[in-house]
Number of protein chains: 2
Amino acid sequence: MAEGGAAGGEGLLYLTDDQLRKGIEAMFFAYRAFTSDPDRILAVHDYGRAHHRALHFIHRSPGTTVTNLLAILGVTKQSLNRVLRTLVEDGLVEARIGHADRRERHLHLTAGGLALERQLSDAQRARMRAAYRAAGPEAVAGFRLVLEAMMDADTRRHYLRLRDGT
Amino acid sequence: MAEGGAAGGEGLLYLTDDQLRKGIEAMFFAYRAFTSDPDRILAVHDYGRAHHRALHFIHRSPGTTVTNLLAILGVTKQSLNRVLRTLVEDGLVEARIGHADRRERHLHLTAGGLALERQLSDAQRARMRAAYRAAGPEAVAGFRLVLEAMMDADTRRHYLRLRDGT
DNA sequence: GAGTTTACGTCAGCCTTGTTGACTTTCCAA
DNA sequence: TTGGAAAGTCAACAAGGCTGACGTAAACTC
């Protein structure tokens, strides 16, 4: 509790437990919608959300290494490897041995990988665009501010590095 | 594509593909943080996210039926049933047979269920409160607006019914 | 040059939580 | 009163997290 309920009295009504609860529920329902369009496309190709995440971040940072991707995704290498292996086998991702350090695998999307990534992100952007347009630019700024404030410090570092040029 | 890239020219720069992509990534990273605190608590008790969701919505709508909960959570009844069964076995949830319709099960939290729900929502609210406070009231209003615009129409109905008194 | 560390891959096995299919009990309407 | 629909349960399978152990090659360090 500590500070819910009656609220300080000034302009802090947006911090009441009730307001926070609405935010929590909004987050839950919106995230489900957010993932639903890609999920439908992925199901057709017999892939899952994990494949989408890999495709997305390889697309964002072509040539990234496996270790790098692990830090961004926050999963174990065994988990990522399973997904990566199927993507390489299916010819959507290419894992090139590093020049300077031959232990590294630099990940790139193939033409096929780019095509699927495009299909997925088009769907996701379409929903986001509709929501942005409906809410307006000031709302969008606030949306981003709150989400960024919600991240862990470590995660925010990854996010900001991606957000502002690689 | 359709309208990304150069943008119409007016004040539509917030709808560029680049801006949308940042929103998408913010959503991904923030949601992970959003679920991390409850996840830690749940792990201690040997429960998962699905248990949290059930506890949350039973708390919100005491006496709700299984079918009702199904519509809100958007999973199959078999999936929900498994979670519900463990919660009932562990004495966190009580499933009372319906008066009017004996096929129905009306769900209630026990004292133990209320305690765990409180612990989980306290943790989740703490993070949300910190983010709200950091971003400020105008940002919070925008945050909610965008999330609501992102939901499917059906989901939004459930959300609004919960948002404005039961 | 030997030993340690790093990057990556893999096998095995576990858990949660989603799925479909088949089934019982209960209610209601023809 | 009977047949269909609705509410809920049991069984089995798959995706994708996880841990732990182990292997290999390359790089680094002393």
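Naming convention: chains lettered A, B, ... in sequence-line order (proteins, then strands); numbering from 1 in each chain.
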Within the distance-only criterion (no hydrogens, no angle test), does the side chain of A:T110 pair as donor or acceptor with the backbone N or O of A:L92 below 3.5 angstrom? yes

I'd like a table of atom pairs between the protein and nucleotides 10-13 of chain C - only N or O on both sides, under 3.5 Å - with the distance next to each one.
{"unit_1": "C:dT10", "atom_1": "OP2", "unit_2": "A:N81", "atom_2": "OD1", "d": "3.1"}
{"unit_1": "C:dT10", "atom_1": "OP2", "unit_2": "A:R85", "atom_2": "NH1", "d": "3.4"}

Taking for each residue the nucleotide of DNA chain D bearing the nearest heavy atom, is the 5' side occupied by A:R53 or by B:T67? B:T67

Upstream residue (5' side of DNA chain D) when B:L70 and A:L80 are each assigned their closest nucleotide: B:L70

Would you say the ring centroid of A:Y31 lies under 6.0 angstrom from that of B:F28? no

Tell me whether A:D37 is salt-bridged to A:R40, with the criterion being a basic N under 4.0 Å from an acidic carboxylate O. yes

Apply ring pair (Phe, Tyr, Trp, His ring centres under 6.0 Å) to the pair A:F143 and B:Y14, showing each step before the final yes or no. CA-CA 12 Å; A:F143 166 72; B:Y14 75 111; over 10 Å; no

Heavy-atom pair of closest approach, residues B:L20 and B:L15: CD1-O, 3.6 Å

Using a 4.0 Å heavy-atom cut-off across all strands, classify B:G74 as base, sugar-phosphate, or nothing. nothing

Looking at every strand, decide which applies to B:H106 at a 4.0 Å heavy-atom threshold: base, sugar-phosphate, or nothing. nothing

Closer than 4.0 angstrom, basic N to acidic O: yes or no for B:R129 and A:D17? yes

Name the orientation class of the two ring planes belonging to B:H45 and B:Y47 (parallel below 30°, tilted from 30 to 60°, perpendicular beyond 60°). parallel

Taking the side chain as everything from C-beta on, heavy atoms only, tell me whether B:E94 gets closer than 4.5 Å to B:V88. no

Please report the distance, rounded to the nearest Å, between CG in B:N68 and C1' in D:dG8. 15 Å

Show each protein N/O and nucleotides 26-30 of chain D N/O combination with a separation under 3.5 Å, one pair to a line.
{"unit_1": "D:dA26", "atom_1": "OP1", "unit_2": "A:R102", "atom_2": "NH2", "d": "3.3"}
{"unit_1": "D:dA27", "atom_1": "OP1", "unit_2": "A:A100", "atom_2": "O", "d": "3.1"}
{"unit_1": "D:dA27", "atom_1": "OP1", "unit_2": "A:R102", "atom_2": "N", "d": "3.1"}

